[in-house]
Amino acid sequence: MADTSWADSARSLKAVILDMCGVLYDSGEGGGVPIPGSVEAVKLLKASDLKLRFCTNETQATREKFVAKLQRMGFDICVSEVFSPAPAAVAVLKERGLRPHLLVYDDVVPEFDSVDKTDPNCVVLGDAADNFSYQNLNDAFRVLIGLEKPVLFSLGKGRYYKETDGLKLDVGVYMKALEYACDVEAEVIGKPSPMFFQSVLNDMGIQPHEALMIGDDLVSDVGGAQHCGMKGVQVRTGKYRPSDERHPTVTADGTVDNLAQAVDMILNQRGH
């Protein structure tokens, strides 16, 4: 069953923001698989009068490669509609004159080609997957501990995510390890950072109360959106756990079985 009370506000919406992994598709071997009904749900949103953006903490590929993968799955999506942490991190690094030591997935390294990486004075941490070896974590630790004022950027701070073969540890786990070792607080670029959500809203030229976020991560997607003044709806796909509906600090405005159900409810309220 879906909680329907949140859908009453759908008439006043101007935009929908979608998380990607766990909402549109489950990642895994061969790039992953679409979640049933999600390809059609995106088509329906695109055909409506609502603005649509995609907001992801995906850091295992450049945006171009990531979008191409989703297009092959059948999604109507383009690079300009997708907001991910790596391009945002590059902008911050350039603005502050920082030279990163990167601990990221190999396929996302090209996002940082335009940034000077000699004599690093900060560390950028992404979802490095198998690159999170002891050696690589220790190298990042040594860079940070050798700085007078350590600067650590984390591209998101998720605890885990779902692939087709089960749950996987996410970047937030390794972020916490480096924070503890170096007595530093990481600057998070990506969800749930208010600045990250605001950049999506600015791109559409709308106010927070005019947008709805749909995601599978109760804290980063739903809680992050609510903190910015948006409504947040959680899907029971991806990393969703039944205990999310009894979370002590974050309560979704609504919980639905999947993206297709959420879109049907929104569009029905709007008379589509």
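Scope of the values below: all heavy atoms of this structure, side chains included, with no hydrogens, waters or symmetry mates. Bear in mind the structure is a predicted one, so any value in this text is a computation, not a measurement.
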Should side-chain heavy atoms under 4.5 Å link Ile, Leu, Val, Met, Phe, Trp and Tyr, which residues sit in the same cluster as Met195?
-> none
Are the charged groups of Lys239 and Asp216 less than 4.0 angstrom apart, N to O?
-> no
Taking side chain as C-beta onward, heavy atoms only, is Leu103 less than 4.5 Å from Tyr174?
-> no
Got more than 12 heavy atoms from elsewhere within 6.0 Å of NZ, Lys65?
-> no
NZ/Lys176: more than 12 non-hydrogen atoms of other groups inside 6.0 Å | no
Check the surroundings of atom CG in Asp8: do more than 12 heavy atoms from other residues, nucleotides or ligands lie under 6.0 Å from it?
-> yes
Apply side chain to side chain contact (heavy atoms under 4.5 Å, CB included) to Lys157 and Val219, showing your working.
-> CA-CA 10 Å; Lys157 64 172 192 179; Val219 175; 5.7 Å; no
Donor-acceptor pairs under 3.5 Å, side chain of residues 19-38 to any protein atom, not counting sequence neighbours: which ones?
unit_1: Asp19; atom_1: OD1; unit_2: Lys191; atom_2: NZ; d: 2.6
unit_1: Ser38; atom_1: OG; unit_2: Leu24; atom_2: O; d: 2.7
unit_1: Ser38; atom_1: OG; unit_2: Ile35; atom_2: O; d: 2.6

Cys122 and Leu93: which non-hydrogen atoms are nearest, and at how many Å?
-> SG-CD2, 3.7 Å
Under the side chain to side chain contact (heavy atoms under 4.5 Å, CB included) rule, what do Ile266 and Leu50 come out as? Steps first, then yes or no, please.
-> CA-CA 10 Å; Ile266 291 166; Leu50 290 164; 3.9 Å; yes
Residues two or more places apart in sequence or in another chain: which of them pass salt bridge (charged side-chain N to carboxylate O under 4.0 Å, His left out) with Asp183?
-> none
When you look at CZ of Arg270, are more than 12 heavy atoms from neighbouring residues, nucleotides or ligands closer to it than 6.0 Å?
-> yes
